[in-house]
Amino acid sequence: MVKQFLSWLHLWLGLIAGLVILFVSLTGTIIVYSDEIMDLSAGKARFVKEVKKDRLPVEELMKILKKEFPERRNPGYMVAYNNPQRSVRFNTFSKSEGLRMVYVDPYSGEILKDDATIYFFYITAHLHHSLLLGKTGKWIVDISAIIFLIELITGLVIWWPAKWTRKNREAAFLIKRRSSRKRLNYDLHNVLGFYVSGISLVLVITGLIIAFPSLSGLTVRTFGGSPSDEWEKSIPSLNKEKLRHGIDEAIVDAFDRFPDKPEIQVATYRIDKAAWYQMRVADRIGLKSARNVSFLVYDSYGGKILDVPGKIVRGEDVENMYWSLHMGTWMGPLGKLITFLGGLIVSSLPVTGIYIWWGKRRKNRKIIFE
């Protein structure tokens with residue numbers, strides 16, 4: 001009786017939310033390799049033409065950007081590299097052009113490329129997040145994610161063999177490629193669904209954590225962090241009459257502290273107003289997550305690292321953790337491959353599930369009319 005009810009629930013919830021689950025899974029799968037695709041799109045612009053002795057100050061590079069693109073806001077962030085041959089890249093935005101990544105030669109100030117590839121992933125991410133339908137779309141996606149979580153749990157219960165005989169084990173773990181079309185489709189849904197259940201649970205749970213601020217706050221606190229920015233109130237406010245310590249010196253110091261880290265992300269959206277420089281030093285800076293990251297905050301006057309409370313640092317680490325799990329960056333290339341393949345299979349489940357339902361529906365109709 002329990003399995004019959006769960007089968008009924010699994011079926012109808014799948015029919016209700018199947019198309020949304022399919023769409024959200026596909027858009028999420030596309031985003032997995034966004035960083036690699038953007039690197040390919042940037043091409044030669046990722047490297048400078050000539051390495052010189054001195055670099056231009058970051059503030060000077062931002063003035064060049066403002067002159068070249070006057071309609072754009074302050075860049076959200078800048079990524080600098082330990083490798084002297086690498087250019088720096090700025091995340092920029094304007095209402096007319098959308099989100100763009102600008103690659104700049106830090107020695108000459110030459111703009112090497114103004115790349116719109118990031119805007120494609122920006123739109124894809126918003127389709128994934130809310131179907132581009134604002135709050136209504138967000139609730140549709142969030143409810144569908146909750147339904148998908150229920151689908152995973154009920155699917156595992158339905159999949160679980162009543163007896164672990166050899167025949168049942170083969171049916172549960174193997175796809176019979178030489179069977180009928182209906183049987184093959186059933187195996188693709190049942191067997192592949194089991195194999196991706198682990199990564200699917202990770203993706204949907206982290207997705208729900210990201211979707212609901214109360215849940216993300218609870219997650220951060222559960223792991224000993226704090227999502228609060230109260231500590232910022234203790235930092236002196238900007239004093240324009242006081243000489244500021246250059247951000248370039250802070251970047252050099254950060255690389256000296258972490259010589260094995262190749263990249264630094266510097267928050268630049270309010271660099272002309274803040275009394276501190278916020279940085280993330282990492283093995284890889286992605287769109288929404290970083291691999292093996294360290295969080296640093298420098299006083300923009302004294303140039304010293306501020307004593308950020310441990311709970312705030314822990315909160316940053318936890319936030320990066322669930323974003324890394326959701327984006328597939330948690331284990332480098334292998335993690336991305338697992339997430340990508342898992343996303344493709346999850347995208348197929350609503351299709352194979354509907355085909356199973358349609359086959360049973362036709363069979364039942366045939367029995368009734370006979």
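The analysis underlying the following values was restricted to heavy atoms, covering all of them including side chains, and did not include hydrogens, waters or symmetry mates.
- In this structure, V266 and V58 have side chains that are not in contact, with every pair of non-hydrogen atoms separated by 4.5 Å or more.
- Evaluation of the side-chain hydrogen bond (donor to acceptor under 3.5 Å, both in side chains) rule for K52 yields no partner, not counting sequence neighbours.
- Once rounded to the nearest 0.5 Å, the distance linking CG of L218 with CZ of F223 reads 10.0 Å.
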Legend entry - side chain to side chain contact (heavy atoms under 4.5 Å, CB included) evaluation trace for I312 with S226: CA-CA 5 Å; I312 300 299; S226 173; 4.1 Å; yes

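- Side-chain heavy atoms closer than 4.5 Å link hydrophobic residues (I, L, V, M, F, W, Y) into clusters, and following such links, even through other members, never connects V51 to L56.
- By the 4.5 Å heavy-atom criterion applied to side chains, I30 and F121 are counted as neighbours.
- Counting only residues at least two apart or on different chains, the side chain to side chain donor-acceptor pair (under 3.5 Å) pairs with a member in residues 107-121 are S41-D115, S41-T117, K49-E110, R72-D114, R100-D114, D105-S108, D115-T117.
- Nearest heavy atom pair, residue A80 against residue I251, reads CB-CG2, 4.5 Å.
- Under the 30°/60° scheme for interplanar angles, the aromatic rings of W164 and W159 are found to stand perpendicular.
- More than 12 non-hydrogen atoms from other residues, nucleotides or ligands lie less than 6.0 angstrom from NZ of K3.
- For the salt bridge (Lys or Arg N to Asp or Glu O under 4.0 Å) test, residues two or more places apart in sequence or in another chain that qualify with R166 are E170.
- For residues 332-345, every residue pair satisfying the salt bridge (charged side-chain N to carboxylate O under 4.0 Å, His left out) rule, not counting sequence neighbours, is listed here: D35-K336, E36-K336.
- There is a path of hydrophobic side-chain contacts, each under 4.5 Å, that joins I146 to L203.
- Ring-plane geometry between F173 and F194 is classed as perpendicular, the angle between the planes exceeding 60 degrees on a 0 to 90 degree scale with a lower cut at 30.
- Hydrophobic clustering of Ile, Leu, Val, Met, Phe, Trp and Tyr side chains at less than 4.5 Å, counting indirect connections, keeps V351 apart from V196.
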Inset, instruction - Walk me through it: do R89 and Y81 pass the test side chain to side chain donor-acceptor pair (under 3.5 Å)? - result: CA-CA 9 Å; R89 58 188 174 105; Y81 299 86; 2.8 Å; yes

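- In terms of the side-chain hydrogen bond (donor to acceptor under 3.5 Å, both in side chains) criterion, residue partners of N292 (sequence neighbours excluded) are, by chain and number, D283.
- Of the inter-residue distances, the one linking I209 atom CD1 with M321 atom CE reads 7.0 Å to the nearest 0.5 angstrom.
- Considering only residues two or more places apart in sequence or on other chains, S347 meets the side-chain contact (heavy atoms from CB on, under 4.5 Å) condition with L22, S25, L26, T29.
- Here the closest non-hydrogen pair linking A290 and S324 is O-OG, 3.6 Å.
- Under the 4.5 Å side-chain contact rule for hydrophobic residues, I37 and F120 share a cluster.
- With rounding to the nearest 0.5 Å, the separation of CG in L152 from CD1 in I147 is 12.5 Å.
- Taking the side-chain contact (heavy atoms from CB on, under 4.5 Å) definition, one finds that S96 meets it with E71, S94, sequence neighbours left out.
- Note that OG1 of T124 is 11.0 Å distant from NE2 of H126, once rounded to the nearest 0.5 Å.
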Inset, instruction - Output, in order, the C-alpha distance, side-chain angles, deciding distance and verdict of side chain to side chain contact (heavy atoms under 4.5 Å, CB included) for S200 and F148. - result: CA-CA 9 Å; S200 299; F148 181 55; 4.1 Å; yes

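- Proximity of R55 to D248: side-chain heavy atoms (C-beta onward) are nowhere separated by under 4.5 Å.
- Considering all non-hydrogen atoms of both residues, I111 and E68 come closest at CD1-CG, 3.4 Å.
- In this structure, CH2 in W276 is found 9.0 Å from CG in L306, a value given to the nearest 0.5 Å.
- Transitive grouping of hydrophobic side chains (ILVMFWY, heavy atoms separated by less than 4.5 Å) brings V24 and L132 into a common cluster.
- Heavy atoms only, all atoms of each residue included: L61 and G109 are closest at CD2-CA, 4.0 Å.
- In this structure L192 satisfies the side-chain contact (heavy atoms from CB on, under 4.5 Å) test together with I175, L188, I345, sequence neighbours excluded.
- Counting only residues at least two apart or on different chains, the salt bridge (charged side-chain N to carboxylate O under 4.0 Å, His left out) pairs with a member in residues 187-204 are R183-D187.
- In plain terms, the two heavy atoms of F255 and K261 that are nearest each other are CE2-O, 3.4 Å.
- Around the NZ atom of K288, the shell of radius 6.0 Å holds no more than 12 heavy atoms that belong to other residues, nucleotides or ligands.
- When all heavy atoms of L296 and A254 are compared, the pair lying nearest together is CD1-CB, 3.8 Å.
- Residues Q265 and M78 are not in side-chain contact: their nearest non-hydrogen atoms beyond the backbone lie 4.5 Å or more apart.
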Less than 3.5 Å apart, which donor and acceptor atoms pair up between the side chains of residues 134-141 and the rest of the protein, not counting sequence neighbours?
residue	atom	partner	partner atom	Å
K138	NZ	D142	OD2	2.8
K138	NZ	A211	O	2.9

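- Residues satisfying the side-chain contact (heavy atoms from CB on, under 4.5 Å) criterion with E319, sequence neighbours excluded, are Y322, W323.
- Cluster partners of Y355, using a side-chain heavy-atom cutoff of under 4.5 Å among ILVMFWY residues and allowing indirect links: none.
- In this structure, CD1 on I247 lies 10.5 Å from OH on Y298, to the nearest 0.5 angstrom.
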